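Structure first, commentary second.
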Amino acid sequence: MKAWIDGRMVDAEGAQAPMLSHALHYGTGVFEGIRSYGGAIFKLDAHMARFQRGADALGMKIDREAVAQACRRVIFENDLGDAYIRPLAFYALGSLQLDVAPLSVHQAVFALRWNSHLGTQAAQEGIRVKVSTIRRNPLPLKVTGAYANSVMAKLEAARSGLDEALFVDDRGRVCECTGENVFYVRRGEMIAVHHPDALPGITRETVMRLAKCGERETTLEELLDADEIFVTGTSAEVTPVCELAGRRFEIGSATRRMQELYRRLVQP
Ligand code: PMP
């Protein structure tokens, strides 16, 4: 597979970064996760805007237009239809101090043949979710270092034999999963969970518009009282939750309808 790195198309597998790269030591990178369906890239501008916000938070200068163009190019040059696109910008050499001013920046875009990271069964059968003992860090951006938090929560869930972890804050409010936002249906109403630390998901926004539903701060207790729960993400799309905190949940008609509406929207 060919990747775009700093303006050139190269062999993705052979691409290397130096061991002294700042991002490797401190997680000073920013990334995106984007999908193409039948060669058409879904919501590229929204992903690029979020990418820019992450770069800005790190004081990193990126060429947003070049990266957007590279997203189109990796799909075209690898002759991909349905794919996952991974832009990445990171600090590399210049210093191992925390001041980023002297550091070089690299920009890359990779493409992968990838469907849901939750597995092919997930959309049909639902996922089993653990309430994480780990707190979500308050950085709702796709900064690479912040994802060690998600990795640890995911590991904890996997050790319990479960598929995903749900972050809840110290006041008992639901935040999000390790790589997806949370929705639920309660007494006939569909609601998107709102939390200030949750990533502003592009799929979340899309589904809220499709469902014409509102958002609300939600406690774990309220979520456990829901009739249906599902999660959303670029990779996960709309994935039902069949178990949370040991309780079983129906995969109901509202969740199935959202899966169908989302599919219809993304397919060109
Ligand atoms: N939360 C987190 C922590 C994520 O990593 C993702 C995936 N980007 C999401 C939510 C869903 O966001 P989106 O719909 O933009 O992919």
Side-chain angles (χ1 to χ4, degrees), residues 27 29-37 41-55 57 68 71 82-89 109-112 114-119 122-123 127 129-132 134-157 163-169 173-184 192-211 213 215 218 223 229-241 258-259 261-263 265-266:
V30 57
F31 70 102
E32 263 306 324
I34 313 174
R35 282 267 200 127
S36 79
Y37 293 92
I41 302 178
F42 187 65
K43 304 257 178 195
L44 179 60
D45 290 351
H47 283 282
M48 284 297 110
R50 191 169 64 188
F51 190 63
Q52 181 77 62
R53 288 201 301 278
C71 290
D82 294 348
Y84 181 85
I85 308 167
R86 165 55 55 88
L88 172 71
V109 179
F110 300 91
L112 305 165
W114 175 355
N115 287 314
S116 174
H117 65 288
L118 294 171
I127 53 169
V129 180
K130 178 185 173 62
V131 176
S132 188
I134 295 167
R135 297 282 177 245
R136 168 78 163 96
N137 60 29
L139 188 63
L141 292 167
K142 290 189 82 75
V143 167
T144 58
Y147 274 75
N149 187 224
S150 278
V151 168
M152 287 187 290
K154 187 91 176 177
L155 193 60
E156 186 192 48
D163 305 307
E164 220 346 344
L166 178 75
F167 288 116
V168 176
D169 73 13
R173 296 177 305 176
V174 174
C175 186
E176 61 174 339
C177 286
T178 67
E180 308 87 30
N181 296 112
V182 180
F183 284 73
Y184 59 101
V193 170
H194 169 81
H195 194 286
D197 299 342
L199 190 80
I202 291 159
T203 318
R204 176 184 188 271
E205 199 189 307
T206 306
V207 167
M208 281 181 74
R209 200 164 319 129
L210 282 174
C213 81
E215 56 183 332
T218 302
L223 187 63
I229 306 175
F230 62 87
V231 297
T232 63
T234 296
S235 168
E237 299 177 323
V238 175
T239 297
V241 170
M258 287 324 300
Q259 285 186 302
L261 287 178
Y262 188 76
R263 276 261 126 218
L265 179 73
V266 295

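Here the structure is a predicted model, which means the values were calculated and not measured. One-based numbering, in listed order, for ligands and for the atoms of each. By convention here, the first residue in the shown sequence is residue 1.
- Put simply, NE2 on His195 and CG on Asn181 are 12.0 Å apart, with the number rounded to the nearest 0.5 Å.
- Considering OG1 of Thr234 and OH of Tyr84, their distance stands at 7.0 Å, rounded to 0.5 Å.
- Inspection of the Thr178 and Glu164 side chains reveals an N or O donor paired with an N or O acceptor under 3.5 Å.
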Show me a pair-per-line table, with atom names and distances to 0.1 Å, of protein N or O atoms that are under 3.5 Å from an N or O of ligand 1.
from	atom 1	to	atom 2	distance (Å)
ligand 1	1 (N)	Glu176	OE1	2.5
ligand 1	5 (O)	Lys142	NZ	3.2
ligand 1	5 (O)	Tyr147	OH	2.5
ligand 1	8 (N)	Lys142	NZ	2.8
ligand 1	14 (O)	Ile202	N	3.3
ligand 1	14 (O)	Thr203	N	2.9
ligand 1	14 (O)	Thr203	OG1	2.6
ligand 1	15 (O)	Arg50	NH1	2.8
ligand 1	15 (O)	Arg50	NH2	3.0
ligand 1	15 (O)	Ile202	N	2.7
ligand 1	16 (O)	Thr234	N	2.9
ligand 1	16 (O)	Thr234	OG1	2.5

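- In this structure, a donor-acceptor pair under 3.5 Å is absent between the side chains of Glu237 and Thr232.
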Note to self: Glu176 vs Arg204, test: salt bridge (Lys or Arg N to Asp or Glu O under 4.0 Å). Steps then yes/no.
What the structure shows: CA-CA 11 Å; Glu176 61 174 339; Arg204 176 184 188 271; over 6 Å; no

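- Between Lys43 and Glu205 there is no salt bridge, since no side-chain N of the basic residue sits under 4.0 Å from a carboxylate O of the acidic one.
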